[in-house]
Every structure is written in structure tokens, then in C-alpha cells.
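Only a predicted model underlies this, so the values are computations on that prediction, with no experimental measurement involved. All heavy atoms count here, side chains included; hydrogens, waters and symmetry mates do not.
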Amino acid sequence: MADKKFITISGIELKEVYTEPSGMTELPGQFPYTRGIQKDMYRGKPWTMRQYAGFSTAEESNKRYHYLLSQGTMGLSVAFDLPTQIGYDSDHELSEGEVGKVGVAIDSLKDIEILFDGIQLKDITTSMTINATASTLLAMYIALAKKQGADLKQISGTIQNDILKEYAARGTYIYPPTPSMRLITDIFEYCSKEVPKWNTISISGYHIREAGSTAVQELAFTLANGKTYLKAALEKGLDINVFAKRQSFFFNCHNNFFEEIAKFRAARRMWAHITKELGATDPGAQKLRFHTQTGGSTLTAQQPMNNIVRVSMQALAAVLGGTQSLHTNGYDEALSLPTEAAAKIALRTQQIIAFESGVTDTVDPLAGSYFIEALTDELEAAAQLYIDKIDAMGGSVKAIEQDYIQQEIAAAAYQYQNDIESGDQTLVGVNKFTQAEEVNPNVFRVDDAIRRQQINKLVRLKEERNNDAVVKALQNLTVAARGTDNLMPYILNAVECYATLGEIADNLRNIFGEY
């Protein structure tokens, strides 16, 4: 790469990085990583272009995955339906009307085998947006990798596994906070030994922002949660220089272009100082690595083609902010799951930014802008006030139990909605530049009949599997859950016997209770 020249259309050769004539000393790849975690950033290789997919049955989602991979997607990002997220099989009465709707229905290892049919897990990275049942879905993924003969030391990907933001903003939790934190730290410990390249948590600001927070609140609450997970792992005796390398973050990117760029730069700097203060000495453990998704809540059902512009602007801000991977939303997602055409345009948006815009040819191109540097400092200072307040309460768990974080988000969401209704905040096509329009019938629909298909698969599974082995595996899990053993090996054993997601979750509900 050293010999490659980066030249504009006008023939101007671009330096790898620019510093102020007065001597801006910090460089990309240097602590505290404000300017990026790698010295050469996208000059070395572009970010990972992920497309979030998963709907209906594993069979249908598998077709979409093969399509996305054929179009140049570099990593898969799996969406799970609501029953899977909260630990119910498709035949549970509370699953009615929700199976396959907001993501793919996964009831057992059999579904994971179908989901990734024809895809070698050793050749891709997979991100799974799953929290309360993260241990079970990860176990299913590991079980499939073993069946494919993959080297578990080499498979890579991410599970979200961030339960604190579920209590604060999203709601798909199952167990109370203490046993939930136990499951999370069990995953940290297990993966550090068995699946060392796996990112064991993606600490999510995305859903905090979708719930209505400001950019400052997203930054503050996400890093406060990250700090809580660090402390929990330290209390378990884990080495911060090992497990902090496997923590990643998941941020939202909204419409205020410069504020979003500054937010990402501030996040890196703040996290570097947080990890250092907690004892991290390895640079790899001090670097904040993050995935970005464009803002779902910014998409409008009115004039949906406008969303292409919004997504493009947000994607560009994420790239200028130094993201490691990116998902771009489909323009029709305010109406339904994305159609194939919308998913293709979303991916092409990333490819145009990467290969046509020239913004990847130098590192941190906006550094030294008086505005960007001042805004980065201001976001950091405002977020630090929140973190100090949460620390004084005893950390994120205490702040959530006292309803502090939830109330702050709710107040921000209420203010934003008032601003839209009063016209102080413009939404093009919604409260300004409106027009009469027909409802577009060409939206993606999931057939309610798929619940019946999933139930039929469950009936066959329970007829064909070794039910004695399932009972024994679940009994062993019960004993372990009552004790202090790491639960991951027991969950993996149950999964490999084809115990269902709901059976495993119910087993733990009986021990831990529900929140």
C-alpha cells in the first residue's frame, strides 16, 4: 500500500493525513484515537459493508443472504423476529402474529443450519442483533461452525448482547439485571478462550437514539453502559487487555451531519480514556471500534424516495466519522421490511461513497476544521456531565433501576416531537414541502402462514431428535444455573441436542425469574 498514490480528478496527490501548520500533533492510530483507530483507515481497506436482513423463515432469509453476498455485501447482519428475541418458540401463544415479522424466526439449531445453508461461516463475518437470548443464538452459530469443520479460533462476528440498553430503551429483556449480567460475562469468559476473534458485545447507542435521545445522550449512555460491562468483567477476574479488545459499539447516525461526525470522534477519545483509567495498557484494548446504522427513526413514510438522500447523508457522516462497518437503511423501511430494490440501492449508496467520492483517500479529512474540533470538544464535555452523574448513582444498572436514563430519553423524545409539531424542526415532506400522494402498495409483506410452517418444523424436530438427551442437557443447565459455573458450555450442549430456544429460555426463567 505504501507505493499507491491517491490523486484527485484534477491530478492533486493527497497526503495520507493532514495536520495544522501550527502543529496538530495527534495522528490517526495514536492515543486517544480521536482521528481514527488505524493509521491508514480506508486507504488500507474500506469499512465492512453490512446489510441487515432476516425475515419470515430461515429458508426465505437464506435466499436474501445469497443475493446480498452476490451484490458485494462483505458481512451479514441478522435480524431476528420478536419471539426469538424474547425467548419464545413459534408455537408459543405469545408468538401469534409476530413470527417472522421483524426478522427471521429461529426455534432451534435446525433453523440456523437452514439460514446459513451454502454459506461457509469461516468465510464471512456475521453480526447478530440479539440480546436476552444472545447466549443461545451464539451457541447455535458455534454449533453450526463445528458441524462445518470451521476452526473456532478463526470464526468472527458480533453478538449485540447489550442488555442494559434493553432495560433503558428497547424492552426485549427476559431476566432481571443481575442474572442477565451473569450471562453476558459468561459469554465474555467463554469466548475469550474458545472463540477469541468473536466480538462478545456490541454496546448499542443505536436503540437509545431510536427511542428519542439526543446525540449527546446517545454518546453518554452508551459509554456509561460500556463502562459498566468493563467493571462487571473485571469483577469476574477477566483481563481488561484481553476482553476489551472484543467489545465493539453500535451507533446511530442521524441527519445533523457535522454533529454526527463530531460524536464519533468524541466517542473514540472518551473510550480511550475510560479504558485507560480502568487499567487497559494494550492499545488494542483502548480503541473504540464501532458499527453504524443509518437512522431508522429519521425515515418517513411520506415521500419515501426522500429517504435515499437522508441515508446517503448519514452514511457519508459515518464514513467521515471513521466507522468500521456500516449498514444503510432501505428507503421504504418506514413502510415495511426493505424490498429487494431498496436493499440494493442502500448497498450501492455505500459503494458509491467508497469508490467514487474520494473521501476515503485521506484519513480524517475534516480534522483541523475549527467547527469540527470545537464541536467534538463540546459533545465530549456535555456527555461527560451525564457519565459523571451516572457514576455518582453507582453506574448504569443503578441509574436504570432509578429510571433516570429512561426519563432523560423520554424528555428528549417529547421535546423533539413538540418541535416537529410546532414547525421549529423541519421534516421535509412531513411538516414542510408536503404534497398529496397515494399510498405505495409495493411494500414487503410477511405471510402470516409462516407461523404454521414453523410449528410444523417444531413438531418434526421433536419427533426426530433424541428427547432423552434434550431432557438430560436441560437438567444439567438447571443445575449449572443454580450454581456458579459458566453457562455457555451447558447451553451449547443443549443446542447441539436440538433443544429449542424456548425450552432453554424457559429453563432459565424457572431459575432466574422474569423482569
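- The line from CG of L474 to CG of N510 is 10.5 Å long, rounded to the nearest 0.5 Å.
- A donor-acceptor pair under 3.5 Å is formed between the side chain of R268 and the backbone N or O of Y33.
- Using a 3.5 Å distance cut-off with no hydrogens or angles, the side chains of T500 and D89 do pair a donor with an acceptor.
- Side-chain atoms of Q293 and N329 form a donor-acceptor pair, as typed in the model, at a separation below 3.5 Å.
- Looking at E166 and T172, their side chains do bring a donor and an acceptor atom within 3.5 Å of each other.
- Every residue two or more places apart in sequence or in another chain was checked for a side-chain hydrogen bond (donor to acceptor under 3.5 Å, both in side chains) with T200, and none qualifies.
- Looking only at distances, a side-chain donor or acceptor of R289 sits under 3.5 Å from a matching main-chain atom of Q247.
- Scanning for side-chain hydrogen bond (donor to acceptor under 3.5 Å, both in side chains) contacts around T48 gives an empty result, with sequence neighbours left out.
- Side chain of H66 to main chain of I119: no donor-acceptor pair is present (N/O by atom type, distance under 3.5 Å, no hydrogens or angles).
- The aromatic rings of F251 and F249 lie parallel to each other, with less than 30° between the two planes, well short of the 60° mark.
- Contact between L379 and A262 at its shortest, heavy atoms only, is CD1-CB, 3.4 Å.
- Side-chain atoms of N161 and L138, non-hydrogen and from C-beta on, never get closer than 4.5 Å to each other.
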Would I155 and K197 count as a side chain to side chain contact (heavy atoms under 4.5 Å, CB included) if you check the C-alpha gap in whole Å, the side-chain angles of each, and the deciding distance to 0.1 Å? CA-CA 6 Å; I155 66 164; K197 289 194 173 179; over 6 Å; no

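- When D485, N507, N476 are each tested for a side chain to side chain donor-acceptor pair (under 3.5 Å) with Y490, only one passes: D485.
- Contact between T158 and S248 at its shortest, heavy atoms only, is CG2-OG, 3.7 Å.
- When the shell of 6.0 Å around NZ of K462 is examined, it contains more than 12 heavy atoms from other residues, nucleotides or ligands.
- In this pair, Y141 and F116 present their aromatic rings perpendicular. The plane angle is above 60°, beyond the 30 to 60° band.
- Within the 4.5 Å cutoff, no side-chain heavy atoms of K122 are placed close to those of Q148.
- Between the side chain of T292 and the backbone N or O of A318, no donor-acceptor pair lies under 3.5 Å.
- I405 has its side chain out of reach of Y167: every pair of non-hydrogen atoms, C-beta onward, lies at least 4.5 Å apart.
- Inspection of the T298 and Q314 side chains reveals an N or O donor paired with an N or O acceptor under 3.5 Å.
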Should N493 and L477 be marked as a side chain to side chain contact (heavy atoms under 4.5 Å, CB included) after you check the CA-CA gap, both sets of side-chain angles, and the distance that decides it? CA-CA 9 Å; N493 182 41; L477 177 59; over 6 Å; no

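- Ion pair R209/E260 flagged as a salt bridge, since at least one NZ, NE, NH1 or NH2 atom sits closer than 4.0 Å to an Asp/Glu carboxylate oxygen.
- Side chains of S95 and Y88 form a contact here, defined as non-hydrogen atoms less than 4.5 Å apart.
- Under a 3.5 Å cut-off, the side chain of R269 and the backbone N or O of E380 do not form any donor-acceptor pair.
- A 4.5 Å side-chain heavy-atom check between F250 and H207 finds at least one atom pair inside the cut-off.
- Here the side chains of L375 and R265 are not in contact, with every heavy-atom distance at 4.5 Å or above.
- M128 CE to I106 CD1: the interatomic distance, rounded to the nearest 0.5 Å, is 9.5 Å.
- Between K227 and the choices I390, T222, I387, I203, the side chain to side chain contact (heavy atoms under 4.5 Å, CB included) rule is met once, by I387.
- Side-chain atoms of Q475 and K472 include no donor-acceptor pair closer than 3.5 Å.
- Judged by distance alone, with hydrogens and angles left aside, the side-chain atoms of D162 form a donor-acceptor pair with the main-chain N or O of S204 at under 3.5 Å.
- With hydrogens and angles ignored, the 3.5 Å screen pairs a side-chain donor or acceptor of T323 with a backbone N or O of F290.
- Residues W47 and Q350 are in side-chain contact: their nearest non-hydrogen atoms beyond the backbone lie under 4.5 Å apart.
- In this structure, a donor-acceptor pair under 3.5 Å is present between the side chains of D107 and Q454.
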Worked verdict on I114 versus K457 for side chain to side chain contact (heavy atoms under 4.5 Å, CB included): CA-CA 12 Å; I114 296 166; K457 280 200 285 185; 4.1 Å; yes

Result block: side-chain N/O donor-acceptor pairs under 3.5 angstrom for residues 273-281, not counting sequence neighbours:
residue, atom, partner, partner atom, Å
T275, OG1, W271, O, 3.0
T275, OG1, A272, O, 3.0
T281, OG1, N241, ND2, 3.1

Please step through side chain to side chain contact (heavy atoms under 4.5 Å, CB included) for the pair M270 and L288, ending with a clear verdict. CA-CA 9 Å; M270 294 176 77; L288 181 143; over 6 Å; no

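- Residues Y515 and S180 have side chains that never bring a donor and an acceptor to within less than 3.5 angstrom of each other.
- Using a 4.5 Å heavy-atom cutoff, the side chains of I130 and Q160 are not in contact.
- Under a 3.5 Å cut-off, the side chain of Q324 and the backbone N or O of G322 do form a donor-acceptor pair.
- Rounded to the nearest 0.5 angstrom, M181 CE and F188 CZ are separated by 7.0 Å.
- Counting heavy atoms of neighbouring residues, nucleotides and ligands inside a 6.0 Å radius, atom CD of E96 does not exceed 12 of them.
- Of the N and O atoms on the side chains of E408 and Y386, at least one donor lies less than 3.5 Å from an acceptor on the other residue.
- No side-chain donor-acceptor contact under 3.5 Å links E189 to the backbone of N486.
- Once rounded to the nearest 0.5 Å, the distance linking NE2 of H254 with OG of S297 reads 3.5 Å.
- For the atom pair CZ of F512 and CD1 of I174, the computed distance is 11.0 Å after rounding to the nearest 0.5 Å.
- Looking only at distances, a side-chain donor or acceptor of R465 sits under 3.5 Å from a matching main-chain atom of Y498.
- From L76, atom CG reaches atom CZ of R64 across 12.0 Å, with rounding to the nearest 0.5 Å.
- Annotation: Y414, atom OH; neighbour count of heavy atoms from other residues, nucleotides and ligands within 6.0 Å does not exceed 12.
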